[in-house]
Each structure stands twice: as structure tokens, then as C-alpha cells.
2 protein chains.
Amino acid sequence: MTNDPIRVLSTPAIAAPEGHEGSEACSVDNPASRVIRETLARVGDKWSMLVIGVLHDGPLRFTELQRKVDGISHRMLTQTVRSLERDGLVTRTSYPEIPPRVEYAATALGRSLSVPVIELARWAAAHHDDILDAREAFDDQREASAVR
Amino acid sequence: MTNDPIRVLSTPAIAAPEGHEGSEACSVDNPASRVIRETLARVGDKWSMLVIGVLHDGPLRFTELQRKVDGISHRMLTQTVRSLERDGLVTRTSYPEIPPRVEYAATALGRSLSVPVIELARWAAAHHDDILDAREAFDDQREASAVR
DNA sequence: CTGTATCCATCAAGATACTG
DNA sequence: CAGTATCTTGATGGATACAG
């Protein structure tokens with residue numbers, strides 16, 4: 001009844017863009033929400049999208065990557081870059097030289113993922129203050145009611 | 001040089017949509033990436049967006065919510081809904097009846113957040129298989145190289 | 001330079017029981 | 001019905017040392 005571009009979040013609509021049977025009653029959850037959760041989990045970890053974003057400007061070697069992403073630890077960079085490679089979001093090219101050189105580059109899939117993530121980043125930039133304000137107001141109110 | 005809609009991810013462009021001084025050399029990291037990470041963290045937890053999505057159809061009480069979101073535990077629903085309320089993404093209305101009745105509803109801010117998240121969900125639906133395939137290929141290859 | 005392994009702190013999240 | 005508290009587990013992430 002409402003003009004909802006969002007209802008899709010709780011329907012299999014986005015989970016079944018191709019021909020998909022509506023056999024399983026399609027309640028609210030399992031069909032689409034699992035895919036959403038998985039993707040949010042992939043994208044929502046601490047470093048993945050930042051690495052992808054940094055790699056969009058072009059290939060980088062390990063150390064350059066670590067320098068560009070700033071706070072990331074050696075271990076986390078290895079781990080992040082490995083999982084991105086595994087999921088086909090970046091490629092890893094090793095040059096058997098001495099000293100060893102390895103270059104990482106974003107794939108087309110990786111770049112396509114950046115698009116919606118940027119939308120989200122834009123939302124974040126636009127509404128970050130709203131959230132902070134709401135949070136402050138909420139906490140102030142709790143604090144006040146804690147007194148009485 | 002590239003046609004990059006993504007470069008923004010590693011620049012303060014999206015972090016400073018209003019009038020913002022370019023005073024701080026704006027390296028790659030701190031200014032924008034923190035906001036991105038925070039938002040991805042907020043959105044990327046296991047349940048938040050599913051709750052927001054379910055609430056778009058209209059207000060729901062606690063138990064209805066728990067039933068609609070499926071796998072969520074009592075504790076996690078309370079916690080999720082509380083943090084969403086704190087950030088101004090949902091409202092909580094308590095009716096002092098017996099037995100008690102509480103209704104949760106998405107705010108305008110909450111609904112606006114759903115928009116980019118849906119974009120992401122669409123991406124997930126479109127490319128989920130690509131990721132799975134890439135993952136399988138990667139694992140097969142590792143398995144093969146483990147043998148030799 | 002690149003990558004792996006180990007140890008450790010922290011937190012998210014589930015199960016469960018209990019209160020208003 | 002709604003919410004809180006406790007306990008416990010597993011995953012995440014950081015620091016560090018070591019290996020190719």
C-alpha cells in the first residue's frame with residue numbers, strides 16, 4: 001500500500017531477478033535476506049571496501065597498498081586481499097624477481113561492487129551528522145531519566 | 001585518468017559534500033574512510049538492515065518483528081532495535097497497557113538508508129553467483145596446487 | 001619484499017533464565 | 001508481552017616474530 005522501494009528488502013524480488021519459481025511460499029526471510037546478509041558481511045568488514053577503493057586507481061603492490069590504506073595491519077591486509085582474490089574482486093600477480101614483487105588490481109566485478117558501495121558512502125556523508133545528533137539526543141535523554 | 005566513479009571512495013569528495021576546507025592535505029584515508037567504515041559497520045551487522053527492511057511495511061510490535069526476521073534471537077532483536085532507535089533510524093512507542101504493547105517503526109532517516117542498501121542488495125542478487133563461482137575456482141586451484 | 005604462524009584482547013551473538 | 005542479565009562461544013583484529 002505504501003510507495004515502497006524498500007519492501008524488496010524483505011521479499012525474494014531482488015533475490016530472484018531471473019526466472020525463479022515462487023514455490024516456497026517465500027516468507028520474509030530465508031530467500032533474499034541470506035544473500036543480503038552475506039553481501040553486507042563481505043562488504044561490511046573493516047577493510048575490504050577501502051582496499052577495493054584504493055585499488056581502483058590502478059594496481060598496487062603490497063607495501064603501497066598498506067601505506068595507502070593507512071591503519072591496516074600487515075596481517076589484516078594479507079587476509080583482506082586474499083579473501084577479495086578468492087571472491088574474484090581483485091587479482092594478484094606475482095613477479096618472481098628478487099626481491100619478490102606482487103601486484104594487486106581490482107577486477108571488473110570488484111569495480112562494479114564499488115558503485116553501490118559509493119551510494120552508501122554518499123548516504124553516510126550526507127546523514128552522518130543526523131545519526132550523531134540522534135545518538136546524542138538519545139543518550140542525553142537516557143542520562144536524564146537515569147537521574148530521576 | 002580512468003572514468004572512475006569509484007575514486008571517490010578514497011578521496012574526501014563524498015565526505016565533504018558541503019563547504020569543506022581542503023586544508024588537511026587530504027591524504028587517502030582518515031577523512032572519508034572513517035565515515036565509510038562506520039556506516040558499513042552500522043549497516044553491515046547481522047540484523048540491522050533486515051529489521052529496517054521489515055519495518056518499512058509499517059510498524060510492528062516486538063514479537064511480530066521477531067517472527068518476521070526469522071532467525072533472530074530475543075536478545076539480538078532487543079539490542080538491534082535499541083541501537084537503531086539510538087541512531088534515529090527507528091522509533092519505539094510504548095503503550096502502557098496490560099499486557100504491555102510496544103511498536104517499532106522506521107523513521108524517514110531509516111527509510112532513506114534503505115535506498116542505497118537496496119542498491120547493494122540488487123548487486124548481491126546479480127553477482128552472488130559470480131562470487132560463488134570465483135570462490136569455487138579459487139579453492140579448487142588451491143586444492144590442486146596442494147597436491148603437487 | 002611478501003607471506004605465514006602464533007599469541008592475545010575484544011566483541012558479536014546465541015542460549016537461557018529471570019523481572020515487570 | 002517486553003526487556004534485562006549472565007554465561008559462553010566463536011570470529012575479528014592487532015602485535016609480533018619468523019620464513020621464503
Side-chain angles (χ1 to χ4, degrees), chain A residues 29 33-34 37-38 40-51 54-55 59-87 90-105 138 141-142 145-146, chain B residues 29 33-34 36-38 40-51 54-55 59-87 90-105 138 141-142 145-146 148:
Chain A
D29 333 285
S33 75
R34 220 203 55 237
R37 265 197 310 226
E38 282 179 9
L40 286 175
R42 168 135 340 276
V43 154
D45 73 344
K46 205 170 175 185
W47 303 110
S48 290
M49 287 322 300
L50 296 177
V51 170
V54 163
L55 279 181
L60 290 174
R61 353 190 357 184
F62 189 87
T63 308
E64 294 170 331
L65 213 41
Q66 182 168 26
R67 196 173 46 74
K68 287 230 182 192
V69 178
D70 184 49
I72 195 168
S73 70
H74 191 158
R75 181 180 177 276
M76 277 298 104
L77 180 55
T78 311
Q79 191 169 310
T80 301
V81 110
R82 198 68 69 239
S83 76
L84 290 174
E85 183 195 4
R86 185 166 108 105
D87 290 355
V90 311
T91 58
R92 174 186 182 276
T93 311
S94 171
Y95 299 92
E97 308 168 352
I98 292 183
R101 183 164 63 96
V102 178
E103 280 194 346
Y104 294 95
F138 183 88
Q141 194 171 329
R142 289 218 54 175
S145 62
Chain B
D29 333 287
S33 74
R34 220 203 57 235
I36 299 177
R37 265 199 309 229
E38 283 178 9
L40 285 176
R42 168 136 338 279
V43 154
D45 73 344
K46 205 169 176 185
W47 304 109
S48 290
M49 286 323 299
L50 296 177
V51 170
V54 162
L55 280 182
L60 290 174
R61 346 186 8 178
F62 189 87
T63 307
E64 293 171 331
L65 213 41
Q66 181 168 27
R67 196 173 46 76
K68 287 232 181 192
V69 178
D70 183 47
I72 195 168
S73 70
H74 192 159
R75 181 181 176 276
M76 276 298 103
L77 180 54
T78 310
Q79 192 169 307
T80 300
V81 109
R82 198 69 69 239
S83 75
L84 290 174
E85 184 194 4
R86 185 167 108 106
D87 290 354
V90 312
T91 57
R92 175 185 182 278
T93 312
S94 170
Y95 300 91
E97 309 168 350
I98 292 183
R101 182 164 63 99
V102 177
E103 278 195 346
Y104 294 94
F138 183 87
Q141 195 170 329
R142 291 218 52 175
S145 62
R148 51 178 53 253

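Because the structure is a prediction, the values reported are computed rather than measured. Quick note on labels: first sequence line is chain A, next is B, and so on, each numbered from 1.
Looking at the side chain of B/His74, the nearest of the listed nucleotides D/dG3, D/dC1, C/dT4 is D/dG3. Taking every side-chain heavy atom of B/Arg82 into account, D/dG3 is the closest of D/dG3, D/dG14, C/dG3. Considering only the side chain of A/Lys46, D/dG14 comes nearest among D/dG14, C/dC1, C/dA13.
Under a 3.5 Å cut-off, the side chain of A/Ser48 and the backbone N or O of A/Gly44 do not form any donor-acceptor pair.
Atom CD of A/Gln66 is separated from atom P of C/dT4 by 14 Å (rounded to the nearest Å). Distance A/Arg75 CZ to D/dC18 C1': 15 Å, rounded to the nearest Å. Across the protein-nucleic acid pair, A/Gln79 atom CD and D/dA15 atom P stand 14 Å apart, rounded to whole Å. Atom-to-atom, CE of A/Met76 to C1' of D/dG13 comes out at 5 Å; the value is rounded to the nearest Å. To the nearest angstrom, P of C/dG20 lies 14 Å from CD1 of B/Ile98. D/dC1 atom P lies 11 Å from atom CZ of B/Arg67, rounded to whole Å. Protein atom CZ of B/Arg37 is 17 Å distant from nucleotide atom P of D/dT12, rounded to whole Å. For the pair B/Arg92 CZ and D/dC1 P, the interatomic distance rounds to 16 Å; values are reported in whole Å.
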**Study point:** side-chain contact (heavy atoms from CB on, under 4.5 Å) between B/Phe62 and B/Thr78, intermediate numbers included
**Key:** CA-CA 8 Å; B/Phe62 189 87; B/Thr78 310; 3.5 Å; yes
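At a threshold of 4.0 angstrom between heavy atoms, the contacts of A/Thr78 include nucleobase atoms, whether or not backbone atoms are also involved.
Map B/Ser73 and A/Tyr104 each onto its nearest nucleotide of DNA chain C; the residue landing nearer the 5' end is A/Tyr104.
One finds a salt bridge joining B/Arg82 and B/Glu85 here, because a Lys/Arg side-chain nitrogen approaches an Asp/Glu carboxylate oxygen to under 4.0 Å.
Neither OP1 nor OP2 of C/dT2 sits under 4.0 Å from any side-chain N or O of A/Ser94.
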